[in-house]
Amino acid sequence: MKMYISVFKLRFYNGLQYRAAALAGVATQFFWGFLIIMVFQAFYSHAEGTQPISLPQLTTYVWLQQAFLAFIMLWFRDNELFQLITSGNIAYELCRPSGIYNFWYAKLLAQRVSSALLRSLPILGIAFFLPRSYRLSLPPDPATLVLFLVTLAIGLFVLVSVSMLIYISVFVTMSPVGSLLIFSVAGEFLSGSIIPIPLMPDWLQNIVRLFPFHLSADFPFRVYSGHIPKEAALAGIVSQLLWLAFLILVGRAAMNRALRRVVVQGG
């Protein structure tokens, strides 16, 4: 375990060095955040009847998406791992006195945490002081904030477990393009990143709940705003943990199977 903690620390500190890229990302995410909020404001101003989620809650939802983008997007990747597989340098990884699954998991986790830390603090700090129609709201009470932090953390582990399946699939396809496209498009839609899940029709929401993607994005963000009650949030945490255990078991089995048949490519 100490080995993987050390890997996490090294990768985390390395990720914190890219401050200029993070600042550029903050500017881009503010642009998209304002744009998405204005689209929803126009929609709500012309919508009839009561919507399943209020506009202030939806505004908070959008800002949390932008602040924790590194926690919820499957296209956020480590090209170094893809190159290890496709170039043949995976042979060096096989010589390490550690399990590849745990080793890579720690690296991917640290990469996302460091990126989110650099970007989330400026976005959250500014979004709290925007004009009321664009402002990020505080959670209803401290207990809700604690539940949000717990669900966000578990959701991150769920997403990393899903992303591990992308890297493992490259052992078979020898190209990350197809896996990234399929997982990223499906994951982004099913997580509520394109259309918030409460605004989807009921039949589509039932389909979304069959997959784990919404547990890393939609679920924690709606817990924060109070749209999901505390009792439902506790039940959702159980669902997160069950999905996490299932994805890790599947990932480990797939990794072991891939390594038994791996063919070292390249020179």
Side-chain angles (χ1 to χ4, degrees), residues 12 14-47 51-79 108 110-139 145 148-149 151-152 155-156 159-160 163 177 180-181 183-200 208 213-214 216-225 227:
F12 176 77
N14 182 63
L16 292 180
Q17 297 178 21
Y18 298 97
R19 297 182 182 87
L23 290 175
V26 168
T28 302
Q29 286 159 233
F30 264 114
F31 171 79
W32 282 107
F34 280 115
L35 184 63
I36 295 170
I37 290 171
M38 286 188 286
V39 169
F40 282 124
Q41 286 176 342
F43 169 75
Y44 271 66
S45 65
H46 294 86
Q51 300 303 314
I53 183 171
S54 68
L55 185 56
Q57 288 176 330
L58 195 55
T59 300
T60 295
Y61 188 104
V62 171
W63 285 126
L64 292 175
Q65 277 185 337
Q66 299 304 314
F68 297 103
L69 194 68
F71 279 19
I72 65 175
M73 291 302 178
L74 282 168
W75 48 257
F76 189 84
R77 59 191 181 274
D78 188 339
N79 288 320
L108 296 175
Q111 181 188 35
R112 290 181 179 271
V113 172
S114 61
S115 179
L117 183 63
L118 288 173
R119 301 182 184 206
S120 63
L121 295 179
I123 293 175
L124 295 176
I126 295 173
F128 277 122
F129 298 100
L130 292 173
R132 184 174 298 275
S133 58
Y134 294 97
R135 186 179 303 167
L136 171 65
S137 303
L138 290 169
L145 177 60
F148 163 70
L149 294 175
T151 55
L152 184 68
L156 172 61
L159 191 79
V160 173
S163 67
V177 176
L180 276 172
L181 181 63
F183 274 87
S184 297
V185 172
E188 193 165 347
F189 181 79
L190 295 174
S191 68
S193 298
I194 298 176
I195 302 173
I197 293 176
L199 298 181
M200 295 180 179
V208 167
F213 303 105
H214 71 285
S216 63
D218 174 84
F219 175 60
F221 300 158
R222 287 200 287 139
V223 167
Y224 178 97
S225 66
H227 188 260

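- Between Tyr61 and Phe221, the ring planes are perpendicular. Angles over 60° get that label, and only those under 30° would be called parallel.
- Summarising the geometry, atom CZ belonging to Arg119 is positioned 5.0 Å from atom CD belonging to Gln29; distances are rounded to the nearest 0.5 Å.
- In terms of heavy-atom proximity, Leu145 sits nearest to Pro139 at CB-CG, 3.9 Å.
- Ser191 is not listed as a side-chain neighbour of Asp218, based on a closest heavy-atom distance of 4.5 Å or more.
- Once rounded to the nearest 0.5 Å, the distance linking CZ of Arg222 with CZ of Phe148 reads 13.5 Å.
- Taking OG of Ser193 as the reference point, atom CD1 of Ile36 lies at 9.0 Å (rounded to 0.5 Å).
- In this structure, Ile53 and Tyr44 have side chains that are in contact, with non-hydrogen atoms separated by less than 4.5 Å.
- For the pair Leu159 and Phe71, the tightest heavy-atom approach, listed with the atom from each and the gap, is CD2-O, 2.8 Å.
- Residues Tyr134 and Met38 are in side-chain contact: their nearest non-hydrogen atoms beyond the backbone lie under 4.5 Å apart.
- Atoms CD1 and CZ, on Ile123 and Phe30 in that order, are 5.5 Å from each other to the nearest 0.5 Å.
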side-chain contact (heavy atoms from CB on, under 4.5 Å) for Val26 and Gln66? Distances and angles first, verdict last.
CA-CA 8 Å; Val26 168; Gln66 299 304 314; over 6 Å; no
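- With hydrogens and angles ignored, the 3.5 Å screen pairs no side-chain donor or acceptor of Tyr224 with any backbone N or O of Leu149.
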Test side-chain contact (heavy atoms from CB on, under 4.5 Å) applied to Thr59 and Arg135, step by step:
CA-CA 7 Å; Thr59 300; Arg135 186 179 303 167; over 6 Å; no
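- Between the side chains of Thr60 and Gln57, not a single donor N or O lies within less than 3.5 Å of an accepting N or O.
- For the atom pair CG of Leu152 and OG of Ser216, the computed distance is 9.0 Å after rounding to the nearest 0.5 Å.
- Formation of a donor-acceptor pair under 3.5 Å by the His227 side chain with backbone atoms of Pro198 is not found in this model.
- Atoms CG and CG, from Leu64 and Leu124 in turn, are 7.0 Å apart once rounded to the nearest 0.5 Å.
- Gln41 places a side-chain N or O within 3.5 Å of a backbone atom of Ser133 that can act as its donor or acceptor partner.
- Checked against Ile72 for a side chain to side chain contact (heavy atoms under 4.5 Å, CB included), the options Gln65, His214, Arg112 give a single hit: Gln65.
- Among Phe128, Phe34, Phe68, Trp32, the one residue that satisfies the ring-ring contact (aromatic ring centres under 6.0 Å, His included) test with Trp63 is Phe34.
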side-chain contact (heavy atoms from CB on, under 4.5 Å) between Ile197 and Leu190: does it pass, once the steps are laid out?
CA-CA 8 Å; Ile197 293 176; Leu190 295 174; over 6 Å; no
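- Heavy-atom minimum distance, Ala42 versus His46: O-ND1, 3.0 Å.
- Closest heavy-atom contact between Phe129 and Gly125: CD1-O, 3.0 Å.
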Begin with the C-alpha distance, continue with both residues' side-chain angles, and end with the deciding distance and a verdict on side-chain contact (heavy atoms from CB on, under 4.5 Å) for Leu199 and Phe40.
CA-CA 11 Å; Leu199 298 181; Phe40 282 124; 3.8 Å; yes
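- Taking both residues in full, the closest heavy atoms of Ala70 and Ala116 are given as CB-N, 4.0 Å, listed atom of the first, atom of the second, then distance.
- Shortest non-hydrogen contact noted between Ala67 and Ser120 is O-CB, 3.3 Å.
- By the 4.5 Å heavy-atom criterion applied to side chains, Ile126 and Leu136 are not counted as neighbours.
- A donor-acceptor contact shorter than 3.5 Å is absent between the side chain of Ser115 and the backbone of Gln111.
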